[in-house]
Amino acid sequence: MFTPRLEGKRVVVLSNNDGCAVARSNEVKLLGIKMGEPWFKMEKIANQHGIIAFSSNYTLYGDLSARVMSILSTFSPKQEIYSIDECFLDLDGFDPQSLITYGQTIRQAVKHNVGIPVCVGISDTKTLAKLANHCAKKGLAGENGVCDFGRMDEQERSALFASIPVREVWGVGSRITEKLLTMNIETVEGLRTASQKTNHISQTRSPSTHPPPPKEKFNSGH
Amino acid sequence: MVGAGIFDGDLLVVDKSLNPSSGDIVIAIVDGDLTVKRLIKRGSKIVLKPENPRYKEIEFKDGQELQVWGVVTSTVKKFI
């Protein structure tokens, strides 16, 4: 943001005392450098590929996060800040037809007023909104960083969910993923269509079993 | 930018939410660096004018993209 020439470059941000990589630009992710990789392990590769490393500045990130959240708060009467780079906005009562356009407006406002690129995921539950955000961020569905599951038909959604590993679902960690794998549930679609009688996990974890009002979710993602 | 009253070491207040118009002092991105200049629209051309006779104007012609990072709204002078 403050150093435009870094755009498109291989950049990592290191944790306190420059220990591990805590943030990576997409160009670095492509090199296969993992989140949390210690600097001493990647130093050689970093020098080879001209990776630029920075120490972290958490005060600055907190400040920028507050700016982003403050802009987002103007787009809904109800905002729930979930983490430094994520929040839910309640869009209950908004015209369902125009939510994609609304999402674009929100995205542009954050980009213009702060300079941080964010993605928007829209759906009926927080779990699904987070998944929609994942799809927007990875370019799996939606357009220009906005994905609204409500504007996709059943068939499209099924095909999309069948292409996403179940571990991408909010709350499904490595252990539940393992357990689900033993039940032959590998994808989001597998989890969604799993029989609730035979699978107690799907009762508590399946996105389709949570019925709160429409939510929208943001996540900064470069 | 001494001609606009901005000197080395001054603190600038920048509003990113404003849309720049001709005559505004802006922070622009030129060759990957941030720079402060006055934005001037001359016919179809856009010019970044350094308010300092020692530097040259930067012209943007058709097809060249100028990225404005923010609009400078005020400056703070430090005495120490």
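In the text below, chain A, chain B and the rest are named by the order of the sequence lines, each starting its count at 1.
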query: If you look at every heavy atom in K16(B) and N113(A), which pair is closest and at what distance?
result: CB-O, 3.4 Å
- prompt: Counting only heavy atoms not in K77(B), do more than 12 fall under 6.0 Å of its NZ?
  reply: yes
- prompt: Taking side chain as C-beta onward, heavy atoms only, is P4(A) less than 4.5 Å from D33(B)?
  reply: no
task: Give a yes or no on whether the backbone of M1(A) and the side-chain of W69(B) come within a donor-acceptor separation of less than 3.5 Å.
output: yes
field: Flag if over 12 foreign heavy atoms under 6.0 Å of CZ, F7(B)
entry: yes
- request: Take I29(B) and R5(A) through the side-chain contact (heavy atoms from CB on, under 4.5 Å) test and state the conclusion after the steps.
  value: CA-CA 9 Å; I29(B) 301 174; R5(A) 65 168 67 244; over 6 Å; no
Structural part of D31(B) lying under 4.5 Å from a heavy atom of chain A: backbone
- prompt: With a cut-off of 6.0 Å (strictly less than), are more than 12 heavy atoms of other residues, nucleotides or ligands near CD of E59(B)?
  reply: yes
- prompt: Does Q48(A) CD have over 12 foreign heavy atoms under 6.0 Å away?
  reply: yes
- line: Most heavy-atom pairs under 4.5 Å with chain B, out of T3(A), I71(A), V114(A), belong to V114(A)
field: R167(A) CZ: over 12 foreign heavy atoms closer than 6.0 Å
entry: no
- prompt: Where does I27(B) contact chain A at under 4.5 Å (heavy atoms): side chain, backbone, both or neither?
  reply: neither
message: Would you say CD of E43(A) has more than 12 non-hydrogen atoms from neighbouring residues, nucleotides or ligands within 6.0 angstrom?
response: yes
